[in-house]
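To keep things clear, I will list the structure first and then write my remarks on it.
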Amino acid sequence: MRRTKRKRGTSPVLEQKEVTEGAEQNSKSISKHEKPKFVKPNPKEKKQQEEYQCWLMKSEPDTRIEKGMDMKFGIEDLMAQPSQTACWDGVRNYQARNFMRVMKIGQEAFFYHSNCKEPGIAGIVKIVKESYEDHTQFDPKNPHYDASSSPENPKWSMVDVQFVRKLKRYIPLAELKKLHLNDKSSGGPLRNIALFTRARLSVQPLTQDEFDFILKLEDQKEV
């Protein structure tokens, strides 16, 4: 298992909490005739996740030290890895984690440089190993350590990605934002792109239309 020194996106923020089934609190207020309410998974959302084929994954290309570890991991760092492959560890958001858990071998993702002077899409990677346990959650010295997680009941997962290629030109966030705003009013392909509708997620789904449209931008001059 390769240990990578990196962190994607800004400091992890737990935007979503895991749903606990049952009514543990205020149990005395529930009458003997009333059954506890259980929150069932949304079948539509689960099916939609399973249908995603393309992704966008954020990583920091510039040096930033946290707990004595450099969080830097740009696309050049991936290219320098053995077989140009690395584990995508350190994701600490439940929704982003869930997206990784439905990734399939062979699917492609944009490698996105975040938390830098000019954020944007630098290249393409592919999934070469499906979701498995993220070892950094158990290491107290690692910035991604989670004391509430255990080997018996691990919370966090990761995938392995392999470098495919750099884009012919860097696609900056500012350009993508202009296209998104235009498409919101015109109904274009980037009108609902997660980069702006789910901006805080370090792992985001893309529709095939969104992926293909962005890919074509590399052959065009910046908007």
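All values below were derived from every heavy atom in this structure, side-chain atoms included, with hydrogens, water molecules and symmetry-related copies excluded. For clarity, every value in this text was computed on a predicted model and none was experimentally measured.
- Atom CG of Leu190 is separated from atom CG of Leu217 by 7.5 Å, given to the nearest 0.5 angstrom.
- Checked for salt-bridge contact, Arg165 and Glu218 meet the test: a charged N lies under 4.0 Å from a carboxylate O.
- Side-chain contact of Arg92 with Thr136: a donor-acceptor pair under 3.5 Å is present, judged by distance alone.
- Taking the centre of each ring, Phe111 and Trp55 stay at or above the 6.0 Å mark.
- Across Asp183, Leu56, Ile193, a single residue satisfies side chain to side chain contact (heavy atoms under 4.5 Å, CB included) together with Glu210, and that is Ile193.
- Ion pairing between Glu76 and Lys166 holds under the 4.0 Å rule for side-chain N and carboxylate O.
- Linking Ile, Leu, Val, Met, Phe, Trp and Tyr residues whenever their side-chain heavy atoms come within less than 4.5 Å places Trp88 and Tyr52 in a single cluster.
- Gln137 places a side-chain N or O within donor-acceptor distance of the main-chain N or O of Lys155, the cut-off being under 3.5 Å.
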Determine whether Gln204 and Lys58 satisfy the following criterion, side chain to side chain contact (heavy atoms under 4.5 Å, CB included), listing intermediate values before the conclusion. CA-CA 9 Å; Gln204 302 175 354; Lys58 298 179 180 179; 3.4 Å; yes
Output, in order, the C-alpha distance, side-chain angles, deciding distance and verdict of side chain to side chain donor-acceptor pair (under 3.5 Å) for Ser157 and Asp134. CA-CA 5 Å; Ser157 305; Asp134 181 348; over 6 Å; no
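- In the hydrophobic clustering of ILVMFWY residues, with side-chain heavy atoms under 4.5 Å counting as a link, Tyr170 and Leu167 come out apart.
- Of the possible donor and acceptor atoms, none in the side chain of Arg64 sits under 3.5 Å from a partner among the backbone N and O of Asp70.
- Residue Ile214 forms a side chain to side chain contact (heavy atoms under 4.5 Å, CB included) with just one option from Asp209, Leu195, Leu179, Leu176, and that option is Leu176.
- With hydrogens and angles disregarded, no donor-acceptor distance shorter than 3.5 Å links the side chain of Gln162 to the backbone of Thr85.
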